[in-house]
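Input: a single structure, listed below in structure tokens.
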There are 2 protein chains.
Amino acid sequence: MGSDMASKGRVTIREVAERAGVSVATVSRVLSGNYPVPPATRARVLRAARDLDYVANAHARALVGGGRKMVAVVLRQVTSPFYAQVAEGVEAEAAARGWLCLVGTTGGDPARELEFVQLMREEGARLVILVGGVVEDDAYRERVAHYAQALDAAGARLVLCGRPAPDPGIPALVVEFDNEAGARAITAHLLSAGHRRIVFLGGLPGNTALDARVAGYRAALAEHGLPAEAAQVVDCGLGRAAGHRAMTELLKNTREFTAVVAGDDMVAAGALRAITDAGLRVPHDLSVVGYNDIPLAEDFNPPLTTVRTPAEELGRAAVRIALRDPDHTAGTHHLLGTHIVVRDSVQPPPTDGGPTPA
Amino acid sequence: MGSDMASKGRVTIREVAERAGVSVATVSRVLSGNYPVPPATRARVLRAARDLDYVANAHARALVGGGRKMVAVVLRQVTSPFYAQVAEGVEAEAAARGWLCLVGTTGGDPARELEFVQLMREEGARLVILVGGVVEDDAYRERVAHYAQALDAAGARLVLCGRPAPDPGIPALVVEFDNEAGARAITAHLLSAGHRRIVFLGGLPGNTALDARVAGYRAALAEHGLPAEAAQVVDCGLGRAAGHRAMTELLKNTREFTAVVAGDDMVAAGALRAITDAGLRVPHDLSVVGYNDIPLAEDFNPPLTTVRTPAEELGRAAVRIALRDPDHTAGTHHLLGTHIVVRDSVQPPPTDGGPTPA
DNA sequence: CCCCGCTCTGAAAACGTTTTAACTTCCCCT
DNA sequence: AGGGGAAGTTAAAACGTTTTCAGAGCGGGG
């Protein structure tokens with residue numbers, strides 16, 4: 001760094017030009033690399049830029065260049081392990097292509113989501129990724145349709161992760177996990193361990209991700225020849241606290257079940273804790289499984305059997321798919337696979353009327 | 001939304017002006033709200049803007065406005081619960097003031113950190129927050145001094161969370177937890193439960209955050225009248241995997257300790273798992289404490305006694321402090337307090353030569 | 001010897017906004 | 001009635017780049 005660093009304001013391209021003894025056009029050509037410049041001049045410019053510790057003004061660049069390489073991710077909160085992984089995937093894939101990644105959190109508030117998308121339009125994001133299930137009502141559909149059209153008009157693309165496109169005609173991509181298949185598989189796992197009375201804890205009617213998991217759960221039950229009445233779903237919503245509360249409630253009544261499939265791992269965490277608090281043991285007295293396989297799921301008590309949804313890969317896939325085909329292949333739906341990871345929270349149900357032998 | 005939405009490119013302020021029958025200056029004044037405009041004109045402009053679904057170009061704004069309200073957080077990874085919380089704090093505090101928040105991840109690579117800070121200079125961030133301990137060597141000091149001076153010259157500020165300012169003269173703020181006090185307190189907790197042979201698992205020589213915790217650990221031992229040789233610190237570094245590996249190793253030898261204080265909760269998670277794998281029980285055979293109180297620490301097996309470092313508050317404090325005094329109160333050092341949260345991973349040590357009575 | 005074309009460089013326009021300075025009106029005061 | 005503001009509005013400059021267009025220098029082929 002030179003000793004004559006500007007003490008006030010930023011160094012502009014003009015000062016670099018002056019010091020190098022060339023015009024601003026030449027400096028721009030060297031620095032942006034968009035145009036060949038003979039080695040001698042090039043070196044002189046580079047030298048001057050380095051001496052002055054010049055940094056380009058991204059705004060000026062974006063202004064004339066008409067936009068910039070930026071992707072925005074919008075999610076409920078970064079402190080949720082699952083969302084954090086998705087964000088990391090997006091960020092990694094974006095960074096690998098030299099794109100900037102902006103993450104915004106909404107706390108689940110549609111108003112803040114709208115606000116953020118608006119902001120991203122102002123910022124000239126070329127790709128906006130909305131992640132996380134949502135309750136799908138008219139307001140939602142209208143909102144997303146608006147986003148999609150506005151972004152599309154500006155030459156940007158919208159991808160929805162784990163939430164539905166409002167209409168086949170809307171210019172948005174959808175990338176998500178096959179929730180139904182995942183839930184079906186994990187429920188089948190419980191079934192094949194011998195469980196028959198299984199409750200689904202953490203339904204959230206209207207939320208498409210959860211609805212799909214509930215559907216998978218019911219499908220597994222049906223496939224195993226159980227009547228529709230065998231399904232018990234507790235619509236307590238997501239989150240550790242909700243899981244804890246609902247499970248506590250459930251345990252107050254006479255126990256009509258031997259296993260629980262939780263809406264996600266956080267719900268499972270709450271449920272696990274509630275069960276322990278009630279003096280029961282998992283999996284000895286009750287089996288429980290989760291969903292998502294968050295990083296600390298194997299440190300739960302006991303290590304949680306759950307279905308792995310490669311969250312980071314979801315994020316990567318979202319940007320990869322959106323950026324791959326420049327032609328407008330909108331409206332496409334992409335499903336990502338999942339698989340069960342078996343740990344220690346499941347064992348055959350206790351035999352009726354007495355404790356199982358060790 | 002009007003039926004005549006521009007189908008190509010963005011709607012500019014000029015088109016709004018035209019439709020409203022005023023000049024661009026007037027539109028700008030209405031939209032930016034920097035200058036009073038009579039209600040009638042105002043309404044007409046607003047109407048035109050809405051009809052055209054106009055969104056301002058943030059770049060043009062930032063260009064003329066000389067920068068923009070944006071804060072950038074740089075951290076190792078968002079998937080680490082502690083960092084995620086810090087990021088959330090920063091984001092929340094920034095959003096509350098109408099600032100934009102950009103989070104960048106480095107994976108711990110100084111080169112990527114440099115690259116990102118450079119990028120933020122280009123983007124015109126007015127506040128850059130570097131978070132996370134780091135090994136402090138000459139390269140680090142030089143790097144940070146460079147950031148600080150460059151940002152300062154551009155009228156931006158630099159705040160360091162949990163890492164040291166290279167030199168009192170450098171224009172950077174430091175905000176961090178009192179690591180030494182926290183480690184001293186949690187070690188004292190173990191001591192007062194009767195433990196005498198305590199190992200510190202997760203040292204990382206050169207990393208100032210960890211060094212401070214080790215110092216606190218040693219101080220607690222000394223205060224309790226134990227000789228310096230009583231301290232055993234295992235420099236295995238951070239992360240769940242490191243903790244697991246180191247603990248496994250430790251358990252291979254004859255056990256010379258009854259408790260372990262982990263460098264952070266992730267190390268504790270690994271250690272807990274290693275102990276369980278070895279057929280031992282916590283806290284019956286061994287007591288374990290962590291550091292940070294990450295959100296899932298209470299779901300560990302057993303629920304972890306640890307020291308709570310309010311991470312979100314750290315993030316909030318960083319932006320609050322940096323933005324509070326416009327005068328250049330640089331070089332200041334702010335320490336945030338911590339406190340112990342007691343759960344179930346500590347109990348008095350087993351009596352020598354036999355199992356403790358229940 | 002002249003002209004063409006190529007390489008290198010520079011002047012200036014453009015990007016979309018904010019803001020300053022100036023210019024009308026119109027009203028009120030003397 | 002005339003002058004001084006105030007209020008409302010506009011034209012134009014400025015922000016820092018990229019890019020187009022054109023000019024200058026120069027070597028080679030006819």
Side-chain angles (χ1 to χ4, degrees), chain A residues 6 8-46 48-49 52-69 119 121-126 154-155, chain B residues 6 8-46 48-49 52-70 119 121-126 153-155:
Chain A
K8 208 69 189 164
R10 288 167 70 148
V11 176
T12 74
I13 202 175
R14 212 173 310 273
E15 307 175 43
V16 176
E18 208 166 319
R19 173 179 255 255
V22 296
S23 72
V24 294
T26 302
V27 176
S28 171
R29 285 200 261 260
V30 171
L31 263 23
S32 67
N34 295 337
Y35 204 84
V37 168
T41 327
R42 185 182 154 73
R44 210 144 33 93
V45 169
L46 251 22
L52 294 170
D53 192 28
Y54 167 80
V55 288
N57 182 323
H59 299 299
R61 257 187 189 167
L63 182 56
V64 53
R68 86 220 290 201
K69 293 176 174 177
L119 200 59
R121 287 222 276 154
E122 294 186 0
E123 294 290 329
R126 286 220 266 264
Chain B
K8 208 68 188 165
R10 288 166 69 146
V11 176
T12 74
I13 202 175
R14 211 172 312 273
E15 307 175 43
V16 176
E18 208 166 320
R19 173 180 255 255
V22 297
S23 74
V24 294
T26 302
V27 176
S28 170
R29 284 203 257 264
V30 170
L31 263 24
S32 67
N34 296 337
Y35 203 85
V37 167
T41 326
R42 188 180 152 71
R44 208 143 36 93
V45 169
L46 251 21
L52 294 169
D53 193 29
Y54 167 80
V55 288
N57 182 324
H59 299 300
R61 264 192 183 160
L63 182 55
V64 53
R68 83 215 296 197
K69 291 175 174 179
M70 181 171 92
L119 200 59
R121 289 222 275 152
E122 295 186 1
E123 294 291 328
R126 287 220 264 264

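Below, read A as the first sequence line, B as the second, and so on, with proteins coming before strands; counting in each chain starts at 1. As a basis for the values below, the full set of heavy atoms in this structure was taken, side chains included, without hydrogen atoms, waters or symmetry mates.
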Indicate the atoms forming the closest heavy-atom contact of [X] with [Y], along with that distance.
X	Y	value
Y54(B)	L31(B)	CE2-CD2, 3.5 Å
R10(B)	N57(B)	NH2-CA, 3.4 Å
A17(A)	V24(A)	CB-N, 3.7 Å
V11(A)	E15(A)	CA-OE2, 3.8 Å
R42(B)	V37(B)	N-CG1, 3.8 Å

side-chain hydrogen bond (donor to acceptor under 3.5 Å, both in side chains) involving S28(A) - partner list, sequence neighbours excluded
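Scan of S28(A) (side-chain hydrogen bond (donor to acceptor under 3.5 Å, both in side chains), adjacent residues dropped) gives none.
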I'd like to know if the side chain of H59(B) reaches the main chain of E123(A), judged simply by a donor and an acceptor atom lying under 3.5 Å from each other, with no hydrogens or angles considered.
yes
Rounded to whole Å, how long is the line connecting atom CD1 of I13(B) with atom C1' of dT10(D)?
13 Å
Using chain A heavy atoms and a threshold of under 4.0 Å, write down where along DNA chain C the contacts begin and end, 5' to 3'.
dC8(C) to dG16(C)
More 5' along DNA chain D: N57(A) or T26(A), using each one's nearest nucleotide?
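First, find each residue's nearest nucleotide; the 5'-ward one identifies N57(A).
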Output, in order, the C-alpha distance, side-chain angles, deciding distance and verdict of side chain to side chain contact (heavy atoms under 4.5 Å, CB included) for V30(A) and T41(A).
CA-CA 9 Å; V30(A) 171; T41(A) 327; 5.9 Å; no
The bend of the helix from dC1(C)-dG30(D) to dT30(C)-dA1(D), taken between the axes of its five terminal pairs at each end and rounded to 10°, is 60°
Which residues in residues 31-40 of chain B have a heavy atom closer than 4.0 Å to any atom of DNA chain C?
S32(B), N34(B)
S28(A) near the nucleic acid: base, sugar-phosphate alone, or nothing, with a heavy-atom cut-off under 4.0 Å?
base
Quick one: label A62(B) by what it contacts on the DNA or RNA (base, sugar-phosphate, nothing), any heavy atom closer than 4.0 Å.
nothing
Those residues that, when tested against A48(B), pass side-chain contact (heavy atoms from CB on, under 4.5 Å) (two or more places apart)
V16(B), R19(B), A20(B)
With sequence neighbours excluded, residues passing salt bridge (charged side-chain N to carboxylate O under 4.0 Å, His left out) with R126(A)
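Listed in chain order: nothing, the list is empty.
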Show the numbers, then the answer: is there a side chain to side chain contact (heavy atoms under 4.5 Å, CB included) between R44(B) and T26(B)?
CA-CA 11 Å; R44(B) 208 143 36 93; T26(B) 302; over 6 Å; no
Quick check: on DNA chain C, is the nucleotide nearest A60(A) upstream (toward 5') of the one nearest R29(A), or the reverse? Name the residue that is more 5'.
R29(A)
